[in-house]
S.K.: 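The structure follows.
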Amino acid sequence: MRDLKTPYSRITGLGSAKEGSDHFWHQRLTAVANIPLILFFIISLISLLGSDHATVVNYLGSPFVSALMLMVILSVVIHMRLGMQVIIEDYVHGELPKIACLMLNTFFAVFVGLVSAVALLKMSFGG
Amino acid sequence: MADINPDAMPLKARPLSPHLQVYKPLFTMMMSIFHRITGAALYVGTLLVVWWLVAAAAGPTYFNWVNGIFGSWFGRLVLFGYTWAAMHHMLGGMRHLVWDTGKWLEVEKAQLLAKATLAGSLGLTLLIWVIGYAVG
Ligand code: HEM
């Protein structure tokens, strides 16, 4: 006990994932956020049906839509990464394959998030 | 891993808790599995969203080509399935959020919620596509 750790820091994050309730909480936070965001996304797609390329870019590139689309991407990507992590932890048991899958999961989420974000930003700023 | 001395503790086959296949399938259980399947399907399907956004950012020629694929009968079939997965997972997720408050966990109520989720997801999906065909 000869250290400067507070009693609180000694007992936090002792679960198997070492991250306390963050996982559960962020899954819920993004689940709630996803509801209006996914509905916005679907309504957007419907309103764009049959539009030509210029109209689509004009819509996706407008500041408000662009910001909302970035929120859709951000929330969904965090949510799906946490969700897939649980699925992997349930089915992949060997330590090495599990870590490899968890890494791929993170790479996939970052890939989806950043490629979408760059595409959206290009339509806003790229002229 | 915890340190186990194999001499002191011989490893032998230990009883395992029973897994899915020993239970009679129940509607609520199928819906729980379906929430996971739709979540995983939505996960993979984000690649379609990425593809569409990249196509829009790339320019009209490529965008029209990709739109042609999405608009084909096969593309529409996939997108219809994706819509259903999204609606089902969204309603199933809302069910989870209700449960997180500790409510609606009684057997009859949970069964009612499960039925409402399935009916709601089919209803919303059809509504979206009917509006879609009316608009586009
Ligand atoms: C539309 C609104 C959404 C809501 C309300 C929602 C809600 C939820 C909730 C509450 C969970 C946790 C379930 C549990 O603890 O067993 C969950 C899991 C999950 N979600 Fe979502 N979600 C939504 C959208 C999405 C989207 C768009 C994706 C993927 C792109 C996604 C992927 C996943 C995955 C992979 C899981 C893990 C499934 C499991 O562990 O069985 N969700 N979702």
Side-chain angles (χ1 to χ4, degrees), chain A residues 24-25 27-32 34-39 41-43 45-61 69-70 72-73 76-77 79-84 86-88 90-91 95 105 108-109 111-124 126, chain B residues 1 19-20 33 35-67 70-71 76 79 82-83 85-87 89-97 99-101 124-125 127-136:
Chain A
F24 179 91
W25 176 244
Q27 182 103 55
R28 266 60 194 171
L29 187 71
T30 52
V32 172
N34 277 352
I35 299 169
L37 291 173
I38 289 291
L39 291 176
F41 184 73
I42 288 179
I43 291 169
L45 287 189
I46 291 179
S47 76
L48 287 175
L49 281 175
S51 307
D52 62 3
H53 176 255
T55 314
V56 172
V57 171
N58 203 27
Y59 176 77
L60 291 176
M69 284 292 171
L70 287 170
V72 175
I73 300 296
V76 165
V77 155
H79 178 87
M80 74 173 190
R81 176 178 165 271
L82 293 171
M84 188 52 74
V86 178
I87 298 181
I88 292 168
D90 276 355
Y91 301 130
E95 202 61 18
N105 181 35
F108 182 77
F111 173 84
V112 168
L114 288 188
V115 175
S116 304
V118 169
L120 282 164
L121 292 177
K122 177 164 185 278
M123 287 184 265
S124 305
Chain B
M1 287 297 283
H19 196 52
L20 276 182
I33 295 169
H35 188 73
R36 171 157 288 189
I37 293 173
T38 52
L42 289 170
Y43 180 99
V44 177
T46 54
L47 286 176
L48 297 176
V49 177
V50 173
W51 192 24
W52 185 71
L53 287 175
V54 167
T61 317
Y62 188 60
F63 182 74
N64 289 337
W65 184 70
V66 171
N67 250 0
F70 280 143
R76 281 171 204 236
L79 290 180
Y82 202 52
T83 314
M87 290 302 100
H89 186 90
M90 181 179 79
L91 294 178
M94 291 161 78
R95 198 163 55 115
H96 269 280
L97 294 174
W99 285 334
D100 287 342
T101 67
L124 280 177
T125 305
L127 181 71
I128 288 169
W129 279 73
V130 166
I131 296 177
Y133 272 103
V135 172

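Computed over heavy atoms, backbone and side chain alike; hydrogens, waters and symmetry mates excluded. Being a predicted model, the structure only gives us computed values, none of them experimental. Sequence lines set the chain letters: A, B, ... in the order given, protein chains first and strands last, and positions in each chain run from 1.
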S.K.: Could you look at Val56(A) and say if it's the side chain, the backbone, both or neither that has a heavy atom under 4.5 Å from chain B?
M.R.: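 When you check distances to chain B, only side chain atoms of Val56(A) fall under 4.5 Å.
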
S.K.: Count the heavy atoms of every other residue, nucleotide or ligand shown that sit under 6.0 Å from CH2 of Trp99(B), and state whether that count exceeds 12.
M.R.: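 Above 12, so yes.
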
S.K.: If you tally heavy-atom pairs under 4.5 Å against chain A, which of Thr83(B), Val54(B), Ile131(B), Asp100(B) wins?
M.R.: Asp100(B)

S.K.: Side chain, backbone, both or neither: which part of Ile43(A) has a non-hydrogen atom closer than 4.5 Å to chain B?
M.R.: neither

S.K.: So which of Leu124(B), Val135(B), Leu97(B) has the largest heavy-atom pair count under 4.5 angstrom toward chain A?
M.R.: Leu97(B)

S.K.: Ile46(A) versus chain B, heavy atoms under 4.5 Å apart: side chain, backbone, both or neither?
M.R.: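 The answer is both parts of Ile46(A).
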
S.K.: So which of Ala57(B), Gly71(B), Ala40(B) has the largest heavy-atom pair count under 4.5 angstrom toward chain A?
M.R.: Ala57(B)

S.K.: With a 4.5 angstrom heavy-atom cut-off, which part of Ile35(A) approaches chain B: side chain, backbone, both or neither?
M.R.: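 Looking at Ile35(A), backbone and side chain both touch chain B.
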
S.K.: Between Asp90(A) and chain B, with a heavy-atom cut-off of 4.5 Å, which part of the residue counts as in contact: side chain, backbone, both or neither?
M.R.: side chain

S.K.: Looking only at non-hydrogen atoms, find the nearest pair between Ala56(B) and Val57(A) and report the distance.
M.R.: O-CG2, 3.5 Å

S.K.: Non-hydrogen atoms of chain B under 4.5 Å away: do they reach the side chain of Ile87(A), the backbone, both or neither?
M.R.: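 The answer is both parts of Ile87(A).
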
S.K.: Using a 4.5 angstrom heavy-atom cutoff, name the option from Ala58(B), Pro60(B), Gly39(B), Ala86(B) with the most pairs to chain A.
M.R.: Pro60(B)

S.K.: May I ask you to decide if Thr61(B)'s main-chain N or O and His53(A)'s side chain share a donor-acceptor pair within less than 3.5 Å?
M.R.: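 Not confirmed, His53(A) side chain does not pair with Thr61(B) backbone.
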
S.K.: Which atoms of Trp52(B) come close to chain A, meaning under 4.5 Å heavy atom to heavy atom: side chain ones, backbone ones, both, or neither?
M.R.: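 The side chain, not the backbone.
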
S.K.: Under 4.5 Å between any side-chain heavy atoms of Ile73(A) and Leu53(B), yes or no?
M.R.: yes

S.K.: What distance do Leu39(A) atom CG and Met90(B) atom CE have between them, rounded to the nearest 0.5 Å?
M.R.: 4.5 Å

S.K.: For Ile128(B), which atoms come within 4.5 Å of any heavy atom of chain A: side chain, backbone, both, or neither?
M.R.: both

S.K.: Side chains of Phe108(A) and Thr46(B): does their closest heavy-atom pair fall under 4.5 Å?
M.R.: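 When only atoms from C-beta onward are counted, Thr46(B) and Phe108(A) do touch, with a gap below 4.5 Å.
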
S.K.: Report yes if some heavy atom in the side chain of Leu42(B) is under 4.5 Å from a heavy atom in the side chain of Met80(A); otherwise report no.
M.R.: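 In short, these two side chains do not touch, never coming nearer than 4.5 Å.
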
S.K.: Can you tell if the side chain of Phe41(A) reaches within under 4.5 Å of the side chain of Val49(B), non-hydrogen atoms only?
M.R.: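 Yes, side chains in contact.
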
S.K.: I'd like to know which of Gly132(B), Ala55(B), Gly59(B) tops the heavy-atom pair count under 4.5 Å against chain A.
M.R.: Gly59(B)

S.K.: Walk me through it: do Asp52(A) and Phe63(B) pass the test side-chain contact (heavy atoms from CB on, under 4.5 Å)?
M.R.: CA-CA 9 Å; Asp52(A) 62 3; Phe63(B) 182 74; over 6 Å; no

